[in-house]
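Numbering of residues begins at 1 and proceeds along the displayed sequence. Being a predicted model, the structure only gives us computed values, none of them experimental.
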Amino acid sequence: MQMQIFNLFPLTVIKDKISMENKEREILVNEIQKMKQINLDKKISSYAWTGDINGHEFLFSSDLFKNLSSKISNVIVEYLKNLEINVSYLDIYYQRSWATYTENEQSINFHTHSQSNISFAYYLLKPKNSGGIIFKSNELQNEIAKNIFTSSKLEKSLINKANAYNSDRSMFDLEQDSIIVFPSKTPHATSPNKSGLPRISISGDISIMLKESKGFEHLMPNYSNWTKF
């Protein structure tokens, strides 16, 4: 009998493309550049500028971004359907939306978005060699001995090569107009921009809640039934 390999408990990340006319792209890029200019810091930083921590965390409330947000909504719905989630039971909200402006040699450290359910990144401006998004797992299901899959073991040839079975991270170097969708709890970072040109992405956090929570225990009940104090 031929040996079989079963990959259990996958992390599902979806990549898609969103078409955009050059005129619309130019308008959105200019708008993001104006936002960044407001928070201009003359100190050179190794970290990208992110609108969510600089007072620009509700990008999709602007009419300029309505067309893009509508297209992203369609991708999010397809992501949920691929997880076999019945979207007719849900109300889906953009909780936050913001731009990220990454200049040469800048990057973003590993982090999670623990306050939301789903996150995404859309690449509005993506020069070649401007860096990708990296996902990391904090629990290696195949770790048969503690730290056996660390980079030092690879350097010492205990591990022949890194692959999907023994790596704790994967990198996606996406092209312009690509969007990537993933669970918000997934640790992620970006690799440094090596292009010499700015990379601009638009990110967002999405919250889902039940339209009717009767009979359900764990998913968030609809906020229309909440009581403020």
Side-chain angles (χ1 to χ4, degrees), residues 2-20 52 58-60 65-98 100 110-124 132-143 149 163-190 201-226:
Q2 186 177 4
M3 180 182 289
Q4 295 177 288
I5 295 175
F6 298 94
N7 293 311
L8 309 177
F9 315 119
L11 167 66
T12 301
V13 172
I14 282 184
K15 172 194 170 186
D16 204 350
K17 291 208 76 172
I18 291 177
S19 60
M20 181 178 291
D52 59 327
F58 303 114
L59 213 60
F60 287 172
F65 292 87
K66 290 299 182 186
N67 183 47
L68 177 60
S69 67
S70 177
K71 292 179 178 180
I72 291 176
S73 297
N74 293 333
V75 177
I76 300 302
V77 168
E78 288 304 310
Y79 172 78
L80 289 166
K81 287 180 177 178
N82 273 278
L83 298 180
E84 295 296 342
I85 294 172
N86 189 342
V87 295
S88 68
Y89 280 62
L90 302 176
D91 280 337
I92 307 170
Y93 295 90
Y94 286 114
Q95 183 192 98
R96 298 188 303 171
S97 48
W98 67 94
T100 297
F110 277 105
H111 63 286
T112 63
H113 299 190
S114 56
Q115 81 288 343
S116 59
N117 302 112
I118 301 166
S119 295
F120 67 86
Y122 164 73
Y123 292 89
L124 179 67
I133 185 168
I134 308 166
F135 295 101
K136 183 174 74 168
S137 172
N138 290 330
E139 292 188 18
L140 290 174
Q141 302 294 345
N142 290 334
E143 191 177 51
F149 296 141
N163 61 24
Y165 303 136
N166 59 35
S167 296
D168 70 341
R169 60 196 66 194
S170 293
M171 203 255 301
F172 292 80
D173 190 5
L174 304 174
E175 62 275 7
Q176 187 165 289
D177 285 334
S178 292
I179 180 172
I180 194 157
V181 184
F182 52 94
S184 297
K185 65 181 182 180
T186 309
H188 57 286
T190 65
S201 61
I202 294 173
S203 296
D205 289 333
I206 291 160
S207 288
I208 61 174
M209 59 183 64
L210 290 161
K211 291 179 179 179
E212 172 55 63
S213 58
K214 183 178 180 180
F216 292 93
E217 181 181 2
H218 297 293
L219 195 60
M220 188 179 294
N222 199 284
Y223 77 91
S224 61
N225 296 310
W226 297 4

For this session: Kindly indicate, with the supporting measurements, whether the criterion side-chain contact (heavy atoms from CB on, under 4.5 Å) is fulfilled by Lys185 and Thr112.
Result: CA-CA 5 Å; Lys185 65 181 182 180; Thr112 63; 5.5 Å; no

Problem set entry | Under the side chain to side chain donor-acceptor pair (under 3.5 Å) test, residues paired with Asn117 that sit two or more places apart | none

Exercise. In Å and rounded to the nearest 0.5 Å, what is the OG to CZ distance from Ser97 to Phe65?
Worked result: 8.5 Å

For this session: Sequence neighbours left out, what passes side chain to side chain donor-acceptor pair (under 3.5 Å) with Ser73? Give chain and number order.
Result: Tyr94

For this session: In sequence, state the C-alpha distance, the side-chain angles, and the governing distance for Val181 and Ile76, and then conclude on side-chain contact (heavy atoms from CB on, under 4.5 Å).
Result: CA-CA 7 Å; Val181 184; Ile76 300 302; 3.8 Å; yes

Exercise. Which residue pairs satisfy the salt bridge (Lys or Arg N to Asp or Glu O under 4.0 Å) criterion with at least one member in residues 65-77, sequence neighbours excluded?
Worked result: none

Pairs of donor and acceptor atoms involving the side chains of residues 205-220, under 3.5 Å and at least two apart or interchain, shall be tabulated with distances.
| from | atom 1 | to | atom 2 | distance (Å) |
| --- | --- | --- | --- | --- |
| Asp205 | OD1 | His113 | ND1 | 2.6 |
| Asp205 | OD1 | Ser119 | OG | 2.7 |
| Asp205 | OD2 | Arg96 | NE | 3.4 |
| Asp205 | OD2 | Arg96 | NH2 | 2.8 |
| Asp205 | OD2 | His113 | ND1 | 3.4 |
| Asp205 | OD2 | Gln115 | NE2 | 2.6 |
| Ser207 | OG | Gln95 | NE2 | 2.7 |
| Lys211 | NZ | Ser88 | O | 3.3 |
| Glu212 | OE2 | Lys214 | N | 3.0 |

Exercise. For Phe172, what residues pass the ring-ring contact (aromatic ring centres under 6.0 Å, His included) criterion, not counting sequence neighbours?
Worked result: Phe135

For this session: Nearest 0.5 Å please: distance from the OG atom of Ser170 over to the CD1 atom of Ile133.
Result: 11.5 Å

For this session: For the residue pair Tyr122 and Ser203, establish whether any side-chain heavy-atom pair is separated by less than 4.5 Å.
Result: no

For this session: Measure the spacing between CD1 of Ile85 and CD1 of Ile92 and express it to the nearest 0.5 Å.
Result: 9.0 Å

For this session: Report the C-alpha separation of Ile180 and Phe120 in whole Å, then their side-chain angles, then the decisive distance to 0.1 Å, and conclude whether the side-chain contact (heavy atoms from CB on, under 4.5 Å) test is met.
Result: CA-CA 6 Å; Ile180 194 157; Phe120 67 86; over 6 Å; no

Exercise. With sequence neighbours left out, what residues match Asp173 under side chain to side chain donor-acceptor pair (under 3.5 Å)?
Worked result: Lys126

Cut-off 3.5 Å, no hydrogens considered: what does the side-chain donor-acceptor table look like for residues 5-20, sequence neighbours left out?
| from | atom 1 | to | atom 2 | distance (Å) |
| --- | --- | --- | --- | --- |
| Lys15 | NZ | Glu175 | OE2 | 3.3 |
| Lys17 | NZ | Gln176 | O | 3.4 |

Exercise. Does Thr190 use its side chain to pair, donor to acceptor, with the backbone of Gly132 at less than 3.5 Å?
Worked result: no

For this session: For the pair Ser167 (side chain) and Asn163 (backbone), establish whether a donor and an acceptor sit closer than 3.5 Å, ignoring hydrogens and angles.
Result: yes

For this session: Check salt bridge (charged side-chain N to carboxylate O under 4.0 Å, His left out) between Asp168 and all other residues, then give those that pass, not counting sequence neighbours.
Result: none

Problem set entry | Asp91: salt bridge (charged side-chain N to carboxylate O under 4.0 Å, His left out) partners, not counting sequence neighbours | none

Problem set entry | Verdict with supporting geometry, Leu140 and Phe149, side-chain contact (heavy atoms from CB on, under 4.5 Å) | CA-CA 9 Å; Leu140 290 174; Phe149 296 141; 4.1 Å; yes

Exercise. What residues form a side chain to side chain contact (heavy atoms under 4.5 Å, CB included) with Ala189, not counting sequence neighbours?
Worked result: Phe110

For this session: Find the distance between CG (Leu124) and CG (Leu68) and round it off to the nearest 0.5 Å.
Result: 7.5 Å

Exercise. Which class fits the ring pair His111 and His188: parallel under 30°, tilted 30 to 60°, perpendicular over 60°?
Worked result: tilted

For this session: Mind checking side chain to side chain contact (heavy atoms under 4.5 Å, CB included) for Asn225 and listing every partner two or more places apart, or none if nothing turns up?
Result: Asn222

Exercise. In chain order, what residues pass the side chain to side chain donor-acceptor pair (under 3.5 Å) check against Ser70, with sequence neighbours excluded?
Worked result: none

For this session: Flag the pair Pro183 / Thr186 as yes when at least one side-chain heavy-atom distance between them is below 4.5 Å, and no otherwise.
Result: yes

Problem set entry | Gap separating the CD1 atom of Ile179 from the OH atom of Tyr79, nearest 0.5 angstrom | 12.0 Å

Problem set entry | Over 12 non-hydrogen atoms of neighbours within 6.0 angstrom of OH in Tyr165 | no

Problem set entry | Rounded distance (nearest 0.5 Å) linking atom CD1 of Ile134 with atom NZ of Lys136 | 10.0 Å

